[in-house]
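These numbers come from the heavy atoms of this one structure, side chains and all, not from hydrogens, waters or symmetry mates. FYI, the numbering just counts along the sequence from 1. Given the structure is predicted, the values throughout are model-derived calculations rather than measurements.
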Amino acid sequence: MKFEDSKYSKLLSYKKVEFSFGTLYETEYFLLSELNEGIHVDHHIASELISRFSDLILKGRKIGYIANRYNSYSFDPQLWVDFNNDYDAFIASAIVTYSDFSYLNASLEKQFFSKSLKRCDNLEQAIEWIMNLKEFKKDTNQN
């Protein structure tokens, strides 16, 4: 399921940013990517994304990242290591997989990501998990 077809596109305010290689959605809680079939995510694409979202990444704002992988594409897992070393914006990531092969790739990427990375079966599960992270919860014990 694509983000714009989900109930969350109606519940959350978001900005849609289109690239030649796919679409990203920016919400208060997370960035969500929906990349095109057959692309290879390499340093060039990562640099373009970092450049576009540098204000978000470099200003210390903490967010989650969701890769909604309804299309098949390849990803250089070394990018997670490089991103973790250079930036501290993502508190956690979720990868939505739609096939066994995609799940195996996400399992490999999990080995390269130094923070929490959850593999999810559907978009709703990923969004709920990200939005329920303790970093996004208000302290309800104070009145």
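For Leu117, the side chain to side chain contact (heavy atoms under 4.5 Å, CB included) partners at least two apart in sequence or on another chain are Trp80, Ser93, Ile95, Lys110, Phe113, Arg119. Remark: Phe21 pairs with Phe19 by the ring pair (Phe, Tyr, Trp, His ring centres under 6.0 Å) rule, at least two apart or across chains. Residues forming a side chain to side chain donor-acceptor pair (under 3.5 Å) with Tyr70 (at least two apart in sequence, or on another chain): none. Residues meeting the salt bridge (Lys or Arg N to Asp or Glu O under 4.0 Å) test with Glu34, sequence neighbours left out: none. Judged as a side chain to side chain donor-acceptor pair (under 3.5 Å), and not counting sequence neighbours, Tyr29 has no contacts. In this view, Glu124 and Lys7, Tyr8, Asn122, Glu128 satisfy the side chain to side chain contact (heavy atoms under 4.5 Å, CB included) rule, not counting sequence neighbours. Partners of Lys16 according to the side chain to side chain donor-acceptor pair (under 3.5 Å) rule, which considers only residues two or more places apart in sequence or in another chain, are Glu4. Looking at residues two or more places apart in sequence or on another chain, you find no ring pair (Phe, Tyr, Trp, His ring centres under 6.0 Å) involving Tyr103. Remark: Ser33 engages Tyr65 in a side chain to side chain donor-acceptor pair (under 3.5 Å) (not counting sequence neighbours). The side chain to side chain contact (heavy atoms under 4.5 Å, CB included) search around Asp5 returns Met1, Lys2, not counting sequence neighbours. Taking Leu104 as the reference, nothing meets the side chain to side chain contact (heavy atoms under 4.5 Å, CB included) condition, with sequence neighbours excluded.
Within a 6.0 Å sphere centred on NZ of Lys15, heavy atoms belonging to other residues, nucleotides or ligands number 12 at most.
Nearest heavy-atom pair, Ile130 versus Gly64, reported as atom, atom and distance to 0.1 Å: CD1-CA, 4.0 Å.
Taking CG of Leu31 as the start and CD1 of Ile63 as the end, the distance is 4.0 Å to the nearest 0.5 Å. To the nearest 0.5 Å, the span separating SG on Cys120 from CD1 on Ile66 amounts to 7.5 Å.
The closest donor-acceptor contact from the side chain of Glu18 to the backbone of Thr23 lies at 3.5 Å or more, if one exists at all. Looking at Ser9, its side chain does come within 3.5 Å of a backbone N or O of Ser6 through a donor-acceptor pair. At least one donor-acceptor pair closer than 3.5 Å links the side chain of Lys115 to the backbone N or O of Phe90.
Sequence neighbours left out, the pairs with a member in residues 66-77 that pass salt bridge (charged side-chain N to carboxylate O under 4.0 Å, His left out) are Arg69-Glu109.
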Would Tyr98 and Asn68 satisfy side-chain hydrogen bond (donor to acceptor under 3.5 Å, both in side chains), going step by step from the backbone distance to the final call?
-> CA-CA 9 Å; Tyr98 295 90; Asn68 188 22; 2.7 Å; yes

